[in-house]
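Below is one structure, written out as structure tokens, with a few remarks after it.
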Amino acid sequence: MKSSTRGALITVAFVGGALWATTTSAKTNPPAKAAAAVSLPCGDVMPAAKNRKQAREHEDSIRASAQKGLNFLTTATIGWQTQNQCMGCHVQGVAAEALSVGRHHQYEVADSDMDTIFTGILDLSGGIRSEEGHAVGSLRASTRAFGGASLARYDQWVSEKYGDDLINAATDLLKHQGEGGEITQAYNHGIAKGPLQGTYQAMQTWQRAYARTADDRWLTAIGKGEAYIQRTIDTWYGAPTTDVQHINYALLGLLAAGVGSTEKVATHLRDQLLESQQSDGGFPLMIGGASNALSTGQTLYTLRRLGLNDGDKAVSKATMFLIEAQQSDGGWSDSGSEKAEAMWAVLGLVSTDILSVNVAGIKNGQHIDGKTVLRATATDNEGSGVRKIEIAIDDELVGGACADQAAHTFDATKLSAGMHTIDI
């Protein structure tokens, strides 16, 4: 699709869905008259009460476990931060991302706790606004990558108040991108997985920066990152990696670059993940190893990002593994990696939403010129079914269907030049 500054700049918001597309703080133009107002009276038929009750009980058990894990993770992260008084790369980074996603999916996360953790990410030694500690030397790239990724999710799902810090982190990360597209000097030690993880996190940061600014330099950086990840994947065809986290980060990086979940490279890696699942429902750190809460949570998060939901056996089994392995304090172990395990286990669990919405045909921040077809598919994770999909542009209903799938053709010639917002 040809880009054109004369066309309409589209930003996509998926209301009630679990798609990692984003909204923008920019003001939209007056409601577009792209089509006559439509009405979708789809009736009030609901599934059997018994099915709804069973689905609700299942969701309640997941949410109870996730909330318990969130509480543990919040306390553990703030405790570590208070004791060490620094930005600890992965300690606050993944935790803050989990809390932001949890807030989006209507879990209880106190504003004061979020503010405390982001104070560590931004202002303590090593933080985004700091030039001390981890903010200098070989660990700077990792602090910016972990911090930037968490700011991207916070900016997307919670508040835009740290928008300037997000752009600063994104800008700083450009300095750490190597000629091959990778984030150089990214921390590699067990929990942190080096350039592959750092590149994915940077791409998540740049993706959000682009949604905010529509500046093409972020797309250039994302494209170089995607090329690095693709070259890495290419080496696995001859010598398959056994590191499940590497597979997860490669997939998450591809998704951040806009690669569709049904494209060949994504389905190939997805199948590798599914084949590594153990009989108990968990996923190992290394293929062939024992189930691990960190790897299970991370893989569960990745599978959900790929569009799988509670109706998929692999997702259901992984979810039950985490629920059954959870300890009474809300964590998953006392091994010394309890915070890391909790970060990913919680992120995997809180990514459960009532609805999952997948959209193809239009990307966030895209410049459109001429006619563009959007296709949306919705899945009810409670198992009760989807009654209706509505498609609106600038708050005006323009299309949809009384079904779990809908398509709509947007004609840029009928839109005023500038920013417009689509709601699904």
Side-chain angles (χ1 to χ4, degrees), residues 1 7-24 28-29 31-47 51-52 55 59 104-106 156-157 211 255 258-263 266-267 303-312 315 351-416 419-424:
M1 195 170 304
L9 178 59
I10 296 294
T11 179
V12 188
F14 301 95
V15 178
L19 183 71
W20 294 107
T22 53
T23 58
T24 178
T28 61
N29 292 315
K33 301 302 181 183
V38 299
S39 176
L40 294 172
C42 296
D44 297 316
V45 178
M46 291 295 288
N51 291 342
R52 293 204 312 275
E59 186 200 6
H104 171 64
H105 291 312
Q106 301 179 20
Q156 180 181 14
W157 294 131
L255 292 174
V259 172
S261 61
T262 60
E263 293 187 32
T267 58
L303 292 175
R304 291 192 184 282
R305 291 285 309 277
L306 286 167
L308 278 70
N309 56 60
D310 285 342
D312 294 287
V315 168
S351 296
T352 303
D353 203 354
I354 294 172
L355 284 175
S356 296
V357 181
N358 295 309
V359 175
I362 288 182
K363 296 179 182 178
N364 191 45
Q366 180 176 333
H367 293 260
I368 69 169
D369 189 6
K371 293 182 179 181
T372 303
V373 180
L374 177 151
R375 302 183 188 280
T377 302
T379 303
D380 177 13
N381 293 325
E382 292 181 310
S384 299
V386 173
R387 180 187 303 161
K388 175 171 63 174
I389 293 179
E390 294 181 341
I391 301 172
I393 183 165
D394 298 334
D395 297 323
E396 181 177 335
L397 186 65
V398 296
C402 297
D404 59 4
Q405 299 182 45
H408 185 75
T409 299
F410 291 95
D411 188 348
T413 64
K414 296 182 179 180
L415 300 173
S416 58
M419 186 80 73
H420 299 275
T421 300
I422 299 172
D423 292 324
I424 311 297

## Note on the structure
Closest non-hydrogen contact found for D411 with K371 is OD2-CE, 3.7 Å
### Query
Quick one: OG1 on T377 to CD1 on I389, what's the gap to the nearest 0.5 Å?
6.5 Å
### Summary
For A378 and V386, the nearest pair of non-hydrogen atoms, with its separation, is O-CG2, 3.6 Å
## Note on the structure
Heavy-atom closest pair (A406 atom, I391 atom, distance to 0.1 Å) is CB-CD1, 4.3 Å
### Query
At what distance, to the nearest 0.5 angstrom, does CG of D423 lie from CG of D395?
6.0 Å
### Query
Can you name the closest pair of heavy atoms from D312 and L308 and give their distance?
OD2-CA, 3.3 Å
### Query
Can you name the closest pair of heavy atoms from H408 and G399 and give their distance?
ND1-CA, 4.1 Å
### Task
Fit a plane to each ring of H104 and W157, take the angle between them on a 0 to 90° scale, and name the class: parallel (under 30°), tilted (30 to 60°) or perpendicular (over 60°).
parallel
### Message
Which heavy atom of A266 sits nearest to which heavy atom of S261, and what is that distance?
### Response
CB-O, 3.8 Å
